[in-house]
Every structure is written in C-alpha cells, then in structure tokens.
Amino acid sequence: MLIKTINELREYLQPYRADNNTIGLVPTMGALHNGHLSLIKAAKGMCDRVVVSVFVNPIQFGPKEDYNKYPRTLDADYDLCTKNGVDVVFSPTPEEMYGKGFILSNDNLTYVCPPFNYTDKLCGKSRVGHFDGVCTVVNKLFNIVQPNFAFFGEKDAQQLIIIKKMVKDLNIPVEIIPCPIVREASGLALSSRNKYLSEEGKKQALVLSKILNNIKSCYDKGIKDVNLLKETAFSFLNDNVELEYLEIFNSETLEPQEVADSSSRAFIACRVEGVRLIDNIKLGA
Ligand code: AMP
C-alpha cells in the first residue's frame, strides 16, 4: 500500500500496534537497489508489519548538493517493495513533513542536533548541517511510525553511529538493527548515486573498496599503526579519483586512534566524475 500522509499512516498502523504486532521501519530516500532490499529482507524476517519510507529529505542536503537531481523512481520503488512483502511504502511530500510553504532554514523548525564530536569529521566536515537534517527526519519518522525496530545500513556508518547515539541520548523506544554493506561482484558498494556514474566511472570507483580491502589485509598481517595503514592508499589513487577523506576511527565513538585495534573502522570518501562516493570497512573480526 502507498501512503502519502502522516494521518493515514497512523490510522493504518494503529490496529496492528493495538494487536501487539511488531513494526519495522526502513528509512530510505528511494531509488531502491539491492542494498535497500537487504534492509527490507532483514525487517521482514523480524517484524509483523514493515514500513519503508521513501523521502528525499530536503533538510539534509546543503545548498550546493544534489537535492534537485537526486534520482526519484517511486513507481519502481513501490513495485520492488510490494514484490518483497512490504506492507506500506510511506512517501510524503516535503510539505507533508515540514508544513506548507516551509523554507529550508532552521528559523522555524525544531532540529535534532547530534553532538559535535560525532559530526565534525568524515562526512559531517564537508556536509555541514547534514546530520542535523538526518537526525531531525529520522526522529520525525520514529514519532510517526513508532517502530519496534528500525533498519540502517553500515554503508552509511557515520549515520548509523549517530542515530544509535541519538536513540540512546533521547531514550527513543526503538531498537536499531545494523545491516551489512551490499556490494556489486566487483566490490563497489551499492548506492543510489552510482546511477550518476558512467561505466568507466564505475571502474574508477573501485579504488574505494580496493583501498579499504588493502588496509584490512595489512591490518590482518599485523600493521596496526594508523598512519602506516593510511599511507598504503597512495598507490591506488590516480587523477580520476579525488580523495576527500580516509580515516581510521573507533567504530562506536568515532574517536581518532593512533593504533588500530578490533574496535577500528576505516572510512573513505572520494569524488569520481564529480560524484561523491563513500565506503567503509571494519578492521577487527
Ligand atoms: P539512502 O536511501 O541512501 O538514504 O539509504 C537508505 C538506507 O539504506 C540507509 O540505512 C543506508 O545505509 C542503506 N544502504 C544504502 N546502500 C546500502 C548498501 N550498499 N548496503 C547496505 N545498506 C545500504
């Protein structure tokens, strides 16, 4: 079922909640691929009712980012969801979520702002305000759907860590279920933004997973010095790939580390053909 308004969704879910059905939420921005599908399958395996939200959230995009051209494929998304047993696709308009005539400013909206220590690095450094927008919309979705479980991909590891922190700090009654990164056979992490890449760009984009896999195998061979591990990336970089960041941080707290250990995760962001791509890998078992 496709639902576009908050009231209709609440009305739909109310009897199931009253019957103690477990409700799972998979928040997405649409242009669904097998990465999203893995979250949907995890939700189907754990919950009586599954809601997939498809909403390109304007307040998490910076003024120079790709909000207007972000791929919107609701019909195909809806088909994929219904074929895979999703009960509701919730696809509100920006006006439904933020009110009529809303403007993209924090002058007239209550934002949920995660702590600076979690947002002043990795994607938060170049995408100022991005995680405020993410936490605000995810918090709204939690209030609207009141799910028992919510499913997030490790592909966006910083987002997952920040959402877990928000849930803990704000005592939100939902369990966050992390789902592993789904990749193409080539190693490229699936992303809605891969649609912007040419075939040649997709080949160039393999540099991200190659760098991460190499760091992991160096770590497994006994190299623990973070600077040495990061230096191993240089041999993979070329003029077609613009490195934005490569960091090794604690996987739960995002604290920087000098020596990698089983808590470490390597995070990378690059631009290929002008498209910003991210990936990450856990170093410990
Ligand atoms: P998005 O539509 O890009 O906002 O992503 C919605 C959810 O799908 C987020 O929790 C993402 O982390 C997750 N996701 C996106 N790509 C992948 C992937 N390749 N593997 C696993 N989860 C993913």
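Note that ligands are numbered from 1 as they come in the structure, with each ligand's atoms numbered from 1 the same way.
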Within 45 degrees of the ring normal and closer than 6.0 Å to the centroid, is that where the cationic atom of [X] sits relative to [Y]?
X: K69; Y: Y196; result: yes
X: R49; Y: F149; result: no
X: K125; Y: Y245; result: no
X: K4; Y: F90; result: no

Output the list of atoms in ligand 1 that are nearer than 4.0 Å to some heavy atom of [X], sorted by atom number.
X: I181; value: 20 (N), 21 (C)
X: F152; value: 10 (O)
X: L190; value: 16 (N), 17 (C), 18 (C), 19 (N)

Counting heavy atoms only, which of G35, S191, S192 is nearest atom 18 (C) of ligand 1?
G35

Between Y70 and F61, what is the ring plane arrangement, given parallel below 30°, perpendicular above 60°, and tilted in between?
perpendicular

Tell me, which protein residue and heavy-atom name are nearest [atom], and how many Å apart are they?
atom: atom 11 (C) of ligand 1; answer: D156 OD2, 3.0 Å
atom: atom 20 (N) of ligand 1; answer: V182 N, 2.9 Å
atom: atom 10 (O) of ligand 1; answer: G153 N, 2.9 Å
atom: atom 17 (C) of ligand 1; answer: K155 CB, 3.7 Å
atom: atom 21 (C) of ligand 1; answer: P180 O, 3.4 Å
atom: atom 6 (C) of ligand 1; answer: P27 O, 3.3 Å
atom: atom 5 (O) of ligand 1; answer: H36 NE2, 3.4 Å

Using the rule side-chain hydrogen bond (donor to acceptor under 3.5 Å, both in side chains), only one of K230, K121, Q257 pairs with E247; which is it?
K230

Please confirm whether H33 comes under 4.0 Å of ligand 1, counting heavy atoms of the residue only.
yes

Between the side chains of [X] and [Y], does any donor sit under 3.5 Å from an acceptor?
X: Y98; Y: N57; result: yes
X: N7; Y: T5; result: no
X: Y16; Y: D87; result: no

Where's the contact between [X] and ligand 1, heavy-atom distance under 4.0 Å: side chain, backbone, both or neither?
X: E154; result: neither
X: M29; result: both
X: A31; result: neither
X: L39; result: side chain

For the side chain of K44 and the backbone of G85, is there at least one donor-acceptor N/O pair under 3.5 Å apart?
yes

